[in-house]
Amino acid sequence: MTRTGKCDICRQRKVRCDERRPSCRQCAKKNRPCSYGYGKVAVYVDESEQQGGLRPKCPNGNSDTAPLARADTVWESAGAITKYTAPGAIIILSVRSSREAKSGNGIFQTLTPVCVSENGRSSTPFSSVPRVRRSPSCSETKLCTQFIAVIGTEPPNQNPSEIWGSWIHLVPSMIGRHSTLDYAAAAYASGSTAFLSKDPAQAATARASYSRALKSLQSAVLVTSSEFLIETLSAVKLLSTFEVLMGMASFAWVSHSQGLAKMLVSRGPRVVDDEIERSIFYSSYFLEVAEAILSDSVSDFDNEDWLFFPPPETTSECPAFDTACQAIMQQFVRIPRLMKLVRAYLQDPCNLTLGTEAVDLARKLYLSNLDTLVSKALLDLTDVVPTTSPDLRDFFPESFEYHSVKILDLLVHYWTCRIFLLGLIQSLCDTPYFSTAFSLQDVIEEDERVAGYILMSSEFAASVKPMPTGAVVMILPLQISFGAWYRSERRESYCGERWNRAVCMKNWSLDSSNGCLSIWGGRAQSLDELEAKTRTFEGASLEPWMRRKVSS
């Protein structure tokens, strides 16, 4: 049966209908139920560059069968972003689904960005995609209660869920405004419960809730086209967090993180007083930066529209917290650009124009440090406590105990950004023309000092409970800290105790980052892998196995 266009009510009344889902404007204005009485035909969506990234597959057996996937199978990261070539195109998100009939594991789905033109019309027959109506049995009050229970009622500065971003505490106030957000909130609540309980039955329930949320999200992005609602962005953020809960080894969260970045760029920075939009951006940009680095591209946020986007208002013991958040963001999103410049210059060392551009940007970032604020924060907002880890205690007998998880998150992101920068500066100093562009000894000392600060923060991060979000925060910083110690290990002038310290701390960083990954179901990194990544972060060419797929 084919689609008839108007909703049932507008067709009966013979009035104009804008065909909005789930409720058209006429019905919403009159506060009456809205429904569409056309048949629903399931459609499988597959990536295909020959047909603009999408090809419908009919379930009647006339075409290739849809790929099967078990719910407990490793989720693929290869299908994260599809290519699009239409002029004036924007990115939306579409669900790709498959069912293994006899597995008993239910439906497994991934979210894949696809392309539509600016007028919102797509060459794909989305009219046949099932529309998902909100379940009438889902009580808003019950959902709010469940969601608040899993994020906790501790003050924001002490709440482990704050690591995801302050946006998560604004979700309960939006429940009931849009079914897509409600389904995503329900999925996150189920996923959090399953993660903490480690109960396979609850995990199966969470995946079923996740499947419903993805279907609802598909309907939302198709209806809103380029006018992405903040509820839609929040739903994507919730689902990417759910995917981290279900296991980082799948890299399913990468797909949603990349999709969210593309949605933010397509949407553009909107009203600056929208607290949740600002929070979503500030909790997402460093993931986008990491993906830009691994795809050898410039950050999508490296432009004036986003560099001056204000941070969310935060209640913090640190008086300059908001200013620091923005300053760190402005430095972080420029790291991919600097890395590309350094890489290009190292491949063409006779191109002094390119080298000068790299040095100028590196110097600008190097001098834009937050040393005064960091020193004050460490003095006022941390306590120095004895280190308990025997291997770490030999070289760092004291560790930081933070008064707030937000301060932990802020400082380790700053130190991570600095180590990225300091590694690139050392690569420039190793070239003949720019060997004196920086004080190399000062750069090396800061590199080791900042790496040490990250290690001194690891024990407090490990103590964040019941949701171990501190481990999520520390994965990348520990891997980048590994790079600082790896540079010191390779330094010819190092010998004896100083060289031994670098080797021990390099190995400790590797073991600790893998320990954090194991908590969140991630794949452990080998020594060779992290050493190769470190060389890449210093400006060497990307290895083929590191590269991410990105949109054209």
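- Side chain of Arg337 to backbone of Val298: no donor-acceptor contact under 3.5 angstrom is found.
- Here the side chains of Leu527 and Asn507 are in contact, with some heavy-atom distance below 4.5 Å.
- For the pair Ile280/Leu260, a side-chain contact is recorded, criterion being any heavy-atom separation below 4.5 Å from C-beta on.
- Taking a 6.0 Å sphere around CD of Gln441, one finds it holds more than 12 heavy atoms contributed by other residues, nucleotides or ligands.
- Not counting sequence neighbours, Glu288 has no partner by the salt bridge (charged side-chain N to carboxylate O under 4.0 Å, His left out) test.
- Proximity of Leu381 to Lys376: side-chain heavy atoms (C-beta onward) are nowhere separated by under 4.5 Å.
- Between Tyr345 and Phe434, the ring planes are perpendicular. Angles over 60° get that label, and only those under 30° would be called parallel.
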(request) Test side-chain contact (heavy atoms from CB on, under 4.5 Å) on Phe460 and Ser399 and set out the steps. (result) CA-CA 8 Å; Phe460 174 80; Ser399 291; over 6 Å; no
(message) Set out, in order, the CA-CA distance, both residues' side-chain angles and the distance that settles side-chain contact (heavy atoms from CB on, under 4.5 Å) for Leu517 and Ile475, then state yes or no.
(response) CA-CA 7 Å; Leu517 281 167; Ile475 293 171; 3.8 Å; yes
(request) Any chance you could lay out the ring-ring contact (aromatic ring centres under 6.0 Å, His included) test for Tyr494 and Trp499, step after step, and finish with the verdict? (result) CA-CA 5 Å; Tyr494 279 25; Trp499 180 86; 9.8 Å; no
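- Summarising the geometry, atom CZ belonging to Phe482 is positioned 12.0 Å from atom OG belonging to Ser512; distances are rounded to the nearest 0.5 Å.
- With Asn303 contributing its side chain and Asp300 its backbone, the two residues share a donor-acceptor pair below 3.5 Å.
- Atom CG of Asn514 is separated from atom SG of Cys516 by 9.0 Å, given to the nearest 0.5 angstrom.
- The side-chain heavy atoms of Leu245 and Ser192, taken from C-beta on, include a pair separated by under 4.5 Å.
- Applying the salt bridge (Lys or Arg N to Asp or Glu O under 4.0 Å) test to pairs two or more places apart or on separate chains, those with a residue in residues 414-423 are Arg418-Glu446.
- Salt bridge annotation for Glu538-Arg487: present, with a cationic side-chain nitrogen under 4.0 angstrom from a carboxylate oxygen.
- Remark: side-chain polar atoms of Thr387 are paired, donor with acceptor, to backbone N or O of Glu398 under 3.5 angstrom.
- With a 4.5 Å cut-off on side-chain heavy atoms, Thr431 and Ser435 do not count as touching.
- Distance check: Leu455 CG to Ser389 OG gives 10.0 Å after rounding to the nearest 0.5 Å.
- When all heavy atoms are compared, the tightest approach of Glu529 to Ala524 is OE1-O, 4.1 Å.
- Annotation: cation-pi geometry satisfied between Arg363 and Phe438 (NZ/CZ under 6.0 angstrom from ring centroid, within 45° of ring axis).
- Below 30°, between 30° and 60°, or above 60°: for Trp253 and Phe251 the angle between ring planes is below 30°, a parallel geometry.
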(message) Please determine whether salt bridge (Lys or Arg N to Asp or Glu O under 4.0 Å) holds for the pair Glu277 and Arg267, giving the CA-CA distance in whole Å, both sets of side-chain angles, and the decisive distance to 0.1 Å.
(response) CA-CA 11 Å; Glu277 179 179 359; Arg267 170 187 168 97; 3.3 Å; yes
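- Taking both residues in full, the closest heavy atoms of Asp302 and Val333 are given as CB-O, 3.7 Å, listed atom of the first, atom of the second, then distance.
- A donor-acceptor distance shorter than 3.5 angstrom exists from the side chain of Ser250 to the backbone of Gly247, with no hydrogens or angles considered.
- Ion pairing between Lys506 and Glu531 holds under the 4.0 Å rule for side-chain N and carboxylate O.
- Taking every heavy atom of both residues into account, Leu530 and Ser513 meet most closely at CD1-OG, 4.4 Å.
- Exactly one residue among Phe195, Trp164, Tyr210 makes a ring-ring contact (aromatic ring centres under 6.0 Å, His included) with Phe242. That residue is Tyr210.
- Asp442 and Ser439 form a side-chain donor-acceptor contact under 3.5 Å, judged by distance and modelled atom types alone.
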(message) Could you go through Glu448 and Ser488, starting from their C-alpha distance and side-chain angles, then the distance that decides it, and tell me whether this counts as side chain to side chain donor-acceptor pair (under 3.5 Å)?
(response) CA-CA 8 Å; Glu448 291 189 353; Ser488 295; 2.6 Å; yes
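- The minimum heavy-atom distance between His403 and Asp380, with the atom names listed, is CE1-O, 3.4 Å.
- A donor-acceptor pair under 3.5 Å links the side-chain atoms of Gln330 to the main chain of Leu307, judged by distance alone.
- Note that Arg490 lies in the cation-pi zone of Tyr486, set by a 6.0 Å cut-off to the ring centre and a 45° limit from the axis.
- A side chain to side chain donor-acceptor pair (under 3.5 Å) check over residues 449-469, counting only residues at least two apart or in different chains, returns the pairs Thr388-Glu459, Tyr402-Ser457.
- Nearest heavy-atom pair, Tyr282 versus Phe286, reported as atom, atom and distance to 0.1 Å: O-CE2, 3.8 Å.
- Distance alone, capped at 3.5 Å, places no donor-acceptor pair between the Lys237 side chain and the Gly165 backbone.
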(message) Please evaluate residues Phe332 and Phe420 with respect to the criterion side-chain contact (heavy atoms from CB on, under 4.5 Å), reporting the C-alpha separation (whole Å), side-chain torsions for both, the decisive distance (0.1 Å), and the verdict.
(response) CA-CA 9 Å; Phe332 225 129; Phe420 270 124; 4.3 Å; yes
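- Distance check: Met339 CE to Leu542 CG gives 8.5 Å after rounding to the nearest 0.5 Å.
- Side-chain N/O atoms of Asp447 and Gln426 include a donor and acceptor closer than 3.5 Å.
- Judged by the 6.0 Å distance and 45° axis criteria, Lys364 is not positioned over the aromatic ring of Tyr366.
- Minimum interatomic distance between Ser161 and Ile151 (heavy atoms only, all atoms of both residues): OG-O, 3.1 Å.
- In terms of modelled atom types and a separation under 3.5 Å, the side chain of Asp409 and the main chain of Ile163 share no donor-acceptor contact.
- In this structure, CE on Met505 lies 7.0 Å from CH2 on Trp485, to the nearest 0.5 angstrom.
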(request) Apply salt bridge (Lys or Arg N to Asp or Glu O under 4.0 Å) to Asp394 and Arg501, showing your working. (result) CA-CA 9 Å; Asp394 291 342; Arg501 175 177 183 256; over 6 Å; no
(message) For a side-chain contact (heavy atoms from CB on, under 4.5 Å) check, start with the C-alpha distance between His256 and Thr241, then their side-chain angles and the critical distance, and finish with the verdict.
(response) CA-CA 9 Å; His256 265 124; Thr241 307; over 6 Å; no
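- For the pair Pro160/Val405, no side-chain contact is recorded, criterion being any heavy-atom separation below 4.5 Å from C-beta on.
- With a 4.5 Å cut-off on side-chain heavy atoms, Ile454 and Ile419 count as touching.
- Checked by atom type and distance alone, the side chain of Gln331 never pairs as donor or acceptor with a backbone atom of Ile328 at under 3.5 Å.
- Side chain of Lys340 to main chain of Asp296: a donor-acceptor pair is present (N/O by atom type, distance under 3.5 Å, no hydrogens or angles).
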(request) Could you go through the ring-ring contact (aromatic ring centres under 6.0 Å, His included) check for Phe281 and Phe301 one step at a time? (result) CA-CA 10 Å; Phe281 168 70; Phe301 300 130; 4.9 Å; yes
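- The NZ atom of Lys533 sits 5.5 Å away from the CD atom of Gln479 when rounded to the nearest 0.5 Å.
- Under the 3.5 Å distance criterion, the side-chain polar atoms of Ser279 are matched with a main-chain donor or acceptor of Trp167.
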